[in-house]
Amino acid sequence: MLLIDCPFCGPRNETEFTYGGPALAPRPADPGAVSDADWVDWVTVPPNPMGPVEERWWHSRGCGAWLTIRRHTVTHEITEVRLGR
Ligand SMILES: [Zn+2]
């Protein structure tokens, strides 16, 4: 179980939050310059390393803030929580 340290509410159980997916790299400025394979990867393949990932979480049963957290996928240690992206 994750304990997410919301900047407004303090440490809260993950059950108060709704997972919003991975925090993806920004959309390519010129999609026409990206290969089809790279575009499909950007749209459909979420990052899934054995290591740190950035994820979006909505404090849906709290203050309503959208947070971006950095979490290690093996240890589930959260090393960063910030507002927005
Ligand atoms: Zn909150």
Side-chain angles (χ1 to χ4, degrees):
M1 184 152 320
L2 297 177
L3 193 62
I4 299 172
D5 191 9
C6 176
F8 298 115
C9 309
R12 293 291 193 271
N13 190 304
E14 71 177 279
T15 58
E16 291 189 13
F17 293 81
T18 301
Y19 178 69
L24 297 174
R27 181 185 173 108
D30 182 8
V34 178
S35 73
D36 289 346
D38 287 345
W39 182 252
V40 169
D41 282 351
W42 185 83
V43 171
T44 63
V45 181
N48 190 23
M50 290 180 63
V53 293
E54 290 199 342
E55 302 171 327
R56 305 277 291 145
W57 288 81
W58 175 37
H59 200 178
S60 55
R61 294 185 179 175
C63 64
W66 275 96
L67 309 175
T68 300
I69 70 167
R70 178 178 286 268
R71 177 180 65 85
H72 197 286
T73 58
V74 176
T75 64
H76 299 291
E77 179 187 11
I78 296 173
T79 57
E80 181 182 354
V81 178
R82 65 178 187 273
L83 290 171
R85 295 201 171 263

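First listed ligand is number 1; within each ligand, the first listed atom is number 1.
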- Message: Quick check: do Arg70 and Val53 have side-chain heavy atoms less than 4.5 Å from each other?
- Response: no
- Message: With side-chain contact (heavy atoms from CB on, under 4.5 Å) as the criterion, how do His59 and Phe8 come out once you've worked through the C-alpha distance, each side chain's angles and the decisive distance to 0.1 Å?
- Response: CA-CA 10 Å; His59 200 178; Phe8 298 115; over 6 Å; no
- Please list, chain by chain and in numerical order, all residues satisfying side-chain contact (heavy atoms from CB on, under 4.5 Å) with Thr15, sequence neighbours excluded. Asn13
- Task: Sort by chain and number the protein N/O/S atoms that are closer than 2.8 Å to the Zn ion (ligand 1), and list them.
- Result: Cys6 SG, Cys9 SG, His59 ND1, Cys63 SG
- Task: Flag the pair Trp57 / Tyr19 as yes when their ring centroid distance falls below 6.0 Å, and as no otherwise.
- Result: yes
- Would Thr68 and Arg82 count as a side chain to side chain donor-acceptor pair (under 3.5 Å) if you check the C-alpha gap in whole Å, the side-chain angles of each, and the deciding distance to 0.1 Å? CA-CA 5 Å; Thr68 300; Arg82 65 178 187 273; 4.7 Å; no
- Task: Give a yes or no on whether a salt bridge exists between Glu77 and Arg71, defined as a side-chain N under 4.0 angstrom from a carboxylate O.
- Result: no
